[in-house]
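Let me begin by presenting the structure, written as C-alpha cells, before commenting on it.
Atoms within a ligand are numbered from 1 in the order they appear, just like the ligands themselves. Not measured: the values here are computed from a predicted model. Keep in mind that the numbers below use all heavy atoms, side chains included, and drop hydrogens, waters and symmetry copies.
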Amino acid sequence: MTILRFHQLPSSLSIAFSSRHERSFSGSSELVALTPRRNQCWRYSPLKSSNGSPLAGASWKDDGKEMPVPKGPDIGSQLTENTVSITVVGASGDLAKKKIFPALFALYYEDYLPQHFTVFGYARSKLTDDELRDTISKTLTCRVDKRENCSDKMEQFLQRCFYHSGQYGSEVDFCELDNKLKEKEEGKTANRLFYLSIPPNIFVDVVRGASRSASSLKGWTRFIVEKPFGRDSESSSELTRCLKMYLTEEQIFRIDHYLGKELVENLSVLRFANLVFEPLWSRNYIRNVQLIFSEDFGTEGRGGYFDHYGIIRDIMQNHLLQILALFAMETPVSLDAEDIRNEKVKVLRSMRVLKLDDVVVGQYKGHTKGGKSFPAYTDDPTVPKGSLTPTFAAAALFIDNARWDGVPFLMKAGKALHRRGAEIRVQFRHVPGNLYKRKFGTDLDKATNELVIRVQPNEAIYLKINNKVPGLSMRLDSSNLNLLYSERYPREIPDAYERLLLDAIEGERRLFIRSDELDAAWAIFSPLLRELEEKKVVPELYPYGSRGPVGAHYLAAKYNVRWGDLSDSS
Ligand code: NDP
Ligand code: BG6
C-alpha cells in the first residue's frame, strides 16, 4: 500500500496550502498543486483518516499491489481519473436508511468524498432510482452549523445515487450491476466498496456474486461486513472461511460501529498523549473498570433478529469487548492499523474464558408506569413465547497479564432500562493512609477517584476528585473535573458510520476487526453462551424501565465493587 506523501511530489509542481478544512479537522490542510505545463489543478485530499495519516481522496492506495508514485505532470490526470463506487447491499433496509445513506451524505456535505463517486443501492425490492432517492432523502440531515445550501447539496448528492434491483445469490444480477457501475465510472480507474447491510445468512452469497461479477478490474474492491460475525467460535470461523474463499483479509472490513464513536477514538489519545494517565493505568492504581451500556427502549421491531443472538452477542462480545481491548492494550509501536490490532489481540488472548459463575442474565418484563404500559420482551410477536434470551447481562472479566492481574473488568449491558447511555468507569484505589479519611465517615468508597468516559449521550470525560468544600470548616466532598464536549467543542460530533465509511474508502483498517481478533473475542464468550443454552438458564426478570436485575449488584459485590452508574453522584 502506498500513500503519496508531500515529499514524494515531483519538484516541477508548485504548491499552495489552503486551510479550508481547519474548522473541521484541526491541523489539516488542503494541498493544491498546479502542474506548470498544463496549468491543471488537482487536489491532494485534506482529509485525515482516523490514524491521522493524510488521506488521498483520489486514492493512491491499492490493495495488494504497490502503486507507483507517478512522475511529472501526469500526476494530475491520474488523480482525477480515479473514482469510487459505493454499493449499499440491502439498501431497502433499516440500517441503510437510518445510518449508511445519511453518513454518506454527511461525508459528501463536508467535502470528504472523492471528486468522482457514485452510490448504488442494491436489494430485491423493485425500486426506481427516483424511488430510492425519495426514500433516502427523508433521512438525510444537514449539519446544524452549516445550514446554507443544504438543499442544493442534498439534490446534488441524490443525483449521484442509483438503484439496482437484484437477487442476492445471482451472479447475473451482479453482472448487470457491474455494467451499470462501469457506465457511471466512465473508464476511470474504478475503486469499489460494497457495504453488506443485510442479514448474515446471505453474506456469503452476496460476496460470491459481487466478487466474481462486480469486482473492479483496475482499482481496489472492498467489502464492509456488518455484525453479527457468527454466533460462536465455530460459526464465526466458518463465516471467515467462506468469505476468504472469495476475498483476501485485506478486502474485508468487519465493522463494529462503536470503534467509530468519538470518545472511543479518544481513548488512546487520553492514555498515550497525557502523562498524567498512563502511569496510573494498571493494577497498581486501578481497582476495577466498568463498561456499561444501557438503552431505555426494548427490542421493538428487531425482536426476530435479537432473539437469535441475545444481549451478550449483540453488545458485549463486540462493542464492549472492543472498548475493553483498546482501554487495556499496551502502547502500540505506532498508530498503524496492524500495530494497534496486534496489541488489541494480545489483550483478548490474555483474557480468562468467561464462566457462568461470573455472569448474571436478565430479561425485561411488562411494566405500567404513570398510566402507560410497557411490553415484556416476550410480548413482541416476533419473539417465541417462553424465550430465555437475555436482554440484560452483567459479567466479570479478567485479563491475566502483568498489567491487569486481579483487576475486575465489569461489563453490564441491557435493553429497556431506566436510561440510555454508554460509558467507561475507572475506579481507582484508595489513597493509602489518607489523612482526611475521617472526613468521609466510614464510607471509603466515596473517597476514591473515578474517571468517567461518557461515550453517549452528552459526551464527556470527567474525573471525580475529593475537594474541600469552601468555608471555614474542613469538609470534603466529591466533585468533578469536567470536560463536557458540548461546551468545549460546540461543533456537532460526526456519527460513527461517517468515520468508518471514510476509513474504508481510504483503506484505513485500524477501526475494523481483524479475523484473529474476532477468533479471540469468541473464545472468551463461546463456552459461556453454549452453557447458558444447554442448561436453559432462566433470566432474572426486571421491569421495563428499571435499573435491571438485582443479581448484577451481587455479582459486583462478589468483587467488592459498586456500579458507578447507580451511585448517588454518578
Ligand atoms: P433488515 O432486516 O432491514 O434487512 C436489510 C434488507 O435485507 C431488507 O431490506 C431486505 O431487502 C433484505 N432482507 C431482509 N431479510 C432477508 C432475508 N431473510 N433474505 C434475504 N434478504 C433479506 O436489516 P437491517 O437493515 O436492520 O440490518 C442490516 C445488517 O446490519 C444486519 O446484519 C444487522 O444485524 C446489522 N445491524 C443493524 C443495525 C440496525 O440498527 N438496524 C445495527 C447494527 C447492525 P429486500 O427484501 O429489498 O431484498
Ligand atoms: C447495535 C445493536 O449493534 O448497536 C443494537 O445490534 C443496538 O441492538 C445498537 O441498539 C446501539 O448502537 P448505538 O450507536 O445506538 O448505541
- Atom CZ of Arg349: over 12 foreign heavy atoms under 6.0 Å: no

- Query: Does a side-chain N-to-carboxylate-O contact under 4.0 Å join Arg313 and Glu533?
  - Reply: yes

- Heavy-atom nearest neighbour in the protein, as seen from atom 15 (O) of ligand 2, with distance rounded to 0.1 Å: Arg420 NH2, 4.1 Å

- May I ask you to list the atoms of ligand 1 that are less than 4.0 angstrom from any heavy atom of Lys227? 32 (O), 33 (C), 34 (O), 35 (C)

- Min over Ala91, Gly304, Ser92 of heavy-atom distance to atom 45 (P) of ligand 1 lands on Ser92

- Item | Any protein heavy atom nearer than 4.0 Å to atom 30 (O) of ligand 1 | yes

- Message: Whether Lys184 engages the ring of Phe162 as a cation-pi pair (distance to the six-membered ring centre under 6.0 angstrom, angle to the ring normal within 45°) should be assessed.
- Response: yes

- Message: Is it the case that the side chain of Ser235 and the backbone of Arg231 share a donor-acceptor pair, with hydrogens and angles ignored and the cut-off at 3.5 Å?
- Response: yes

- Message: Is it true that, when you exclude Lys244 itself, more than 12 heavy atoms of the residues, nucleotides or ligands shown sit nearer than 6.0 Å to its NZ?
- Response: yes

- Pair Glu110 + Arg491, salt bridge at N-O below 4.0 Å: yes

- From Lys99, Lys97, Arg124 - option closest to atom 17 (C) of ligand 1 by heavy atom: Arg124

- Provide, to 0.1 Å, the distance between atom 5 (C) of ligand 1 and the closest protein heavy atom, together with that atom's residue and name. Ser197 O, 3.5 Å

- Please answer whether the main-chain N or O of Ala106 pairs with a side-chain N or O of Glu498 as donor and acceptor at a distance below 3.5 Å. no

- Query: In this structure, which one of Thr389, Leu388, Val537 forms a side-chain contact (heavy atoms from CB on, under 4.5 Å) with Leu532?
  - Reply: Val537

- Atoms of ligand 2 close to His319 [distance to a heavy atom under 4.0 angstrom, numbered from 1]: 1 (C), 3 (O), 4 (O)

- Message: Is it the case that the ring center of Tyr108 lies less than 6.0 angstrom away from the ring center of Phe117?
- Response: yes

- Message: So for ligand 1, is Gly90 a polar contact partner (N or O within less than 3.5 Å, distance only)?
- Response: no

- Spatial distance of atom CD (Glu506) from atom OH (Tyr112) [nearest 0.5 Å]: 12.0 Å

- Task: Just need the protein heavy atom nearest to atom 43 (C) of ligand 1, so name the residue and atom and give the distance.
- Result: Glu226 OE1, 4.0 Å

- Query: Of the protein's non-hydrogen atoms, which lies at the shortest distance from atom 25 (O) of ligand 1, and what is that distance?
  - Reply: Leu95 N, 2.8 Å

- Side-chain donor or acceptor of Gln317 paired with backbone N/O of Ser526 under 3.5 Å: no

- For Lys227, the atoms of ligand 2 under 4.0 Å from one of its heavy atoms are 1 (C), 2 (C), 3 (O), 6 (O)

- Query: Which residue supplies the protein heavy atom nearest to atom 12 (O) of ligand 2, what is that atom called, and how far is it?
  - Reply: His257 NE2, 3.1 Å

- For atom 6 (O) of ligand 2, the closest protein heavy atom turns out to be Asp314 OD1, 2.6 Å

- Item | Atoms of ligand 1 close to Ile202 [distance to a heavy atom under 4.0 angstrom, numbered from 1] | 20 (C), 21 (N)

- Near Lys98 (heavy-atom distance under 4.0 Å), the atoms of ligand 1 are 39 (C), 40 (O), 41 (N)

- Going by the atom numbers of ligand 1, which of them fall below 4.0 Å from some non-hydrogen atom of Asp94? 3 (O), 25 (O), 26 (O), 39 (C), 40 (O), 41 (N)

- For the ring pair Phe229 and Phe203, is the centre-to-centre distance below 6.0 Å? no

- Can you tell me if Tyr485 and Asn266 form a side-chain donor-acceptor pair at under 3.5 Å? yes

- So the atoms of ligand 1 within less than 4.0 Å of a heavy atom of Tyr305 turn out to be 34 (O)

- Message: Strictly inside 4.0 angstrom of atom 2 (O) of ligand 1, do you find any protein heavy atom?
- Response: no

- Query: Does any N/O atom on Gly93 come nearer than 3.5 Å to any N/O atom on ligand 1?
  - Reply: yes

- Tyr258, portion touching ligand 2 at heavy-atom distance under 4.0 Å: side chain

- Number the atoms of ligand 2 from 1 as they appear, then name those within less than 4.0 Å of a heavy atom of Gln456, with their elements. 13 (P), 16 (O)

- Query: Which residue from Ser125, Pro200, Gly166 reaches closest to atom 47 (O) of ligand 1 through any of its heavy atoms?
  - Reply: Ser125

- Note on the structure: atom 5 (C) of ligand 2 sits nearest the protein heavy atom Arg302 NH1, 3.3 Å

- Message: Treating Arg509 as the side-chain partner and Glu250 as the backbone partner, does any N or O pair qualify as donor plus acceptor under 3.5 Å?
- Response: yes

- Task: Using heavy-atom distances, let me know which of Glu226, Lys261, Lys99, Glu295 sits nearest atom 14 (O) of ligand 2.
- Result: Lys261

- Message: Suppose we measure from atom 32 (O) of ligand 1 to each protein heavy atom; which comes out shortest, and what is that distance?
- Response: Ile198 O, 2.8 Å

- Message: How far is atom 14 (C) of ligand 1 from the closest protein heavy atom, and which atom is that?
- Response: Pro199 CG, 3.6 Å

- Please say whether more than 12 non-hydrogen atoms of neighbouring residues, nucleotides or ligands are located less than 6.0 Å from NZ in Lys536. no

- Does a salt bridge link Asp565 with Lys412, judged by any charged N lying under 4.0 Å from a carboxylate O? yes

- Nearest non-hydrogen protein atom to atom 12 (C) of ligand 1, with distance, is Tyr168 OH, 3.5 Å

- Query: Is any side-chain N of the basic residue among Lys182 and Asp178 closer than 4.0 Å to the acidic one's carboxylate O?
  - Reply: yes

- What atoms of ligand 1 come closer than 4.0 angstrom to any heavy atom of Pro228? 34 (O)

- Task: State the atoms of ligand 2, each with its element, that fall below the 4.0 Å cut-off from a heavy-atom position in Lys415.
- Result: 5 (C), 7 (C), 8 (O), 10 (O)

- Message: Below 4.0 Å from ligand 1: does a non-hydrogen atom of Arg302 turn up there or not?
- Response: yes

